[in-house]
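Just so you know, these numbers use all the heavy atoms, side chains as well, and skip hydrogens, waters and symmetry mates. We count ligands from 1, going down the list as the structure has it; atoms in each ligand are counted the same way. If you're wondering where the values come from, they're calculated on a predicted model, not measured in any experiment.
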Amino acid sequence: MKARKLLMIPGPIEFEPQVMQSMATPTPGHTAPNFVETFGRALEMMKEVCLCPSGQPFIVAGTGTLAMDMAASNIVESGDNALVVSTGYFGERYAELLKRYGANVDILKAPLGDVVPIEEVEGQLKKKNYKLMTFTHVDTSTAVLNDAKSFGELGQKYDVLTILDGVCSVAGEEIRQEEWGIDVVLTASQKAIGVPPGLALLVASQKAMKAFDNRKTPVANYYCDWNNWLPIMRAYENRKPAYFGTPPVNLIIALEASLKNILNEGIENRFNRHLKLGRAFRSAIKALGLNMIPVNENVSANTLSAPYYPEGVTGGELVGQISKAGIIVAGGLLSDIKSKYFRVGHMGSVNRSDLLATIGAIESGLKDCKYKFESGVGLKVIQDCLNE
Ligand code: PMP
C-alpha cells in the first residue's frame, strides 16, 4: 500500500515529478552557459505568466515575504503615504512591513469573509494622495478573492502604484498585469507556480521602475535593493552571467521546468481549470452542510477553500481523521477564528482525482466525527459539477 499522503494545504503544494527531478540536476555554476540560458528563459516566462510583456522580472532567493519586502523597500521612501486594503492575515503583514520603511500607512479592513467595497477604496483615494496601494489578491487566511482588475483601474485613475500580493494567486487566478495596469505582481515559488519553497518572484511595470529611478533616498534594505539586482536580471535576460548574490541554481532550474509546464497548458486554460475545480469543490463542501468563510461566490478564491467546521465537530479531530484517510489539509490561520475553520489548497497541477479523493476523505473524516449528513452527497455533487 502507498504510505504517501496527498498534500492539499495551501502551499507548499504537490509538485510535478519532472520539476522534482530537475531539482536533482548536478548543480551547475551560476555562470555556466546552460544555466545562463535557463535563468534567462525563466525571467522571460515570468512575464508571460503574469501577462506583462513590458514588465521587469526579478527572481531571487527568498520567500513570499521577501517579495513583499522587495516591492515595498524599492518603492517606498520615508514619509510616503501607503494604503493597505486588507482581507486578512497577509494584509496586516503588509501594513507592518511598510511601516518599517517609514511609510504613513492607512489600512482599510474588510469584514471577515468579504472584500472592502471598491467604492470605499475609491473614496479613500479621493480623500488623500497615496504613492502606493497594496492588496492581497487571494488572502490565504480567509480564501477571499479581490477583484484585481478594479484595483488596477483605480491605481491608474488616481495615479497610485498598485502592488498585488499574488503569493496565493499567480498562475492560478486570472491576472492580466499589463492590461489591468497593475504595477507590481509578486509571488513565491511554492504555490500555484509549482516549485519547492525558496524563490521570491516579482514582475514590476515600467511605471514602478520609473518610481524606483526617481527615488531621492537610498533603498533601506541592502539585500532587496533593485540597484543590486536589476543589472543581474538584465544580464541573464541578455544571456550573460552576472553576480550579486549566488542564485539558488537548482530552484531556478526547477522554476524553468514548471513555468514551461504552465505555458504548455496555456495560461487561459489554467485560469479556467482553477475556476472549474474551485467551484466544484465549494459546491461539494456546501452540499455537505459546511459554511465557507467567503461570504459569496464572487469573493471566493479558486486556489483554496476555507470551510468552517460544522457544529459539534472539533477541528483537531476532523483534520486528524482526514489525514488518516490519506489527505493532509491545513487548520485555520486567522487568530480570532483559528480553531473554527480549516483550509484546503487546490492549486497548481491539482486535478479532478485529487479533488475527488479530498472530498472522499473529508466525508470519511466527518463520519468519524459523528457528524450527520447524507453519505456520498459531496462526492455526487463534485462529480456532477466536474462533468458539466
Ligand atoms: N502572502 C500570501 C497571500 C501568502 O499566502 C503567503 C504565504 N502563505 C505570503 C504572503 C508569505 O509567503 P511566505 O510564507 O513564502 O513568506
Side-chain angles (χ1 to χ4, degrees), residues 7-15 46 50 58-73 84-98 100 107 109-110 112-113 115-116 133-148 151 162-175 182 184-203 221 223-224 248 251 254-255 258 274 278 293-294 299-306 328-335 338 341-348 350:
L7 187 62
M8 294 295 285
I9 66 172
I13 63 161
E14 293 260 326
F15 304 118
M46 276 308 302
C50 291
F58 293 90
I59 297 173
V60 297
T63 73
T65 309
L66 187 93
M68 295 167 79
D69 224 350
M70 186 175 257
S73 59
V84 171
V85 182
S86 173
T87 37
Y89 185 94
F90 291 101
E92 309 263 327
R93 176 173 290 189
Y94 226 150
E96 280 314 303
L97 193 158
L98 285 160
R100 300 289 174 98
I107 180 161
K109 286 189 193 175
L112 177 64
V115 294
V116 176
M133 161 167 72
T134 75
F135 67 101
T136 317
H137 195 192
V138 168
D139 202 299
T140 321
S141 68
T142 54
V144 166
L145 172 73
N146 263 305
D147 173 5
F151 276 89
T162 42
I163 300 181
L164 178 156
D165 172 351
V167 174
C168 201
S169 70
V170 172
E173 302 284 355
E174 182 181 6
I175 302 175
I182 295 179
V184 178
V185 168
L186 65 91
T187 191
S189 48
Q190 73 271 20
K191 302 204 193 211
I193 289 278
V195 175
L199 291 175
L201 307 165
L202 296 90
V203 178
N221 183 318
Y223 182 73
C224 284
L251 279 171
L255 179 68
S258 196
H274 280 80
I293 291 187
V299 300
S300 293
N302 298 300
T303 47
L304 86 154
S305 295
I328 300 168
V329 298
L333 179 61
L334 205 56
S335 54
K338 207 174 158 73
Y341 74 106
F342 65 109
R343 296 172 301 145
V344 181
H346 33 76
M347 65 187 120
V350 67

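The main-chain N or O of Ala148 is never found under 3.5 Å from a side-chain atom of Asn146 such that the two would form a donor-acceptor pair. Checking side-chain atoms of Thr142 against main-chain N and O of Ile293 turns up no donor-acceptor pair under 3.5 Å.
Thr140 OG1, 2.3 Å is the protein heavy atom nearest to atom 5 (O) of ligand 1. Closest to atom 9 (C) of ligand 1 among all protein heavy atoms lies Phe90 CE2, 3.3 Å. The nearest protein atom to atom 14 (O) of ligand 1, hydrogens excluded, is given as Gln190 NE2, 4.1 Å; this is a heavy-atom distance. Closest to atom 8 (N) of ligand 1, if we only count protein heavy atoms, is Lys191 NZ, 2.7 Å. When hydrogens are left out, the protein atom nearest atom 11 (C) of ligand 1 is Thr65 OG1, 3.5 Å; that is the closest non-hydrogen contact.
Listed by number with element, the atoms of ligand 1 under 4.0 angstrom from any heavy atom of Met68 are 10 (C). Those atoms of ligand 1 that come under 4.0 Å of a heavy atom in Val138, given as number and element, are 3 (C).
When side chains are defined from C-beta on, Phe135 counts as touching Leu164, because their heavy atoms get closer than 4.5 Å. The shortest side-chain heavy-atom distance between Thr140 and Phe90 falls under the 4.5 Å cut-off.
In this structure Lys338 satisfies the salt bridge (charged side-chain N to carboxylate O under 4.0 Å, His left out) test with no other residue, sequence neighbours excluded.
Residue Asp165 places a heavy atom under 4.0 Å from ligand 1. Not a single heavy atom of Leu66 sits less than 4.0 Å from an atom of ligand 1.
The distance criterion of under 3.5 Å between nitrogen or oxygen atoms is met by Gly64 with respect to ligand 1. Polar contact check, Thr136 against ligand 1: no nitrogen or oxygen pair lies under 3.5 Å apart.
Considering Ile182, Asp147, Ile175, Val144 in turn, Ile175 is the only one that fulfils the side chain to side chain contact (heavy atoms under 4.5 Å, CB included) rule with His137.
Taking each heavy atom of Ala95 and Ile107 in turn, the nearest pair found is CB-CD1, 3.9 Å.
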Anything under 3.5 Å between a donor and an acceptor, one on a side chain of residues 189-199, the other on a protein residue two or more places apart or in another chain? List them.
{"from": "Ser189", "atom 1": "OG", "to": "Pro196", "atom 2": "O", "distance (Å)": "2.8"}
{"from": "Ser189", "atom 1": "OG", "to": "Gly198", "atom 2": "N", "distance (Å)": "3.4"}
{"from": "Ser189", "atom 1": "OG", "to": "Leu199", "atom 2": "N", "distance (Å)": "3.1"}
{"from": "Lys191", "atom 1": "NZ", "to": "Pro10", "atom 2": "O", "distance (Å)": "2.9"}

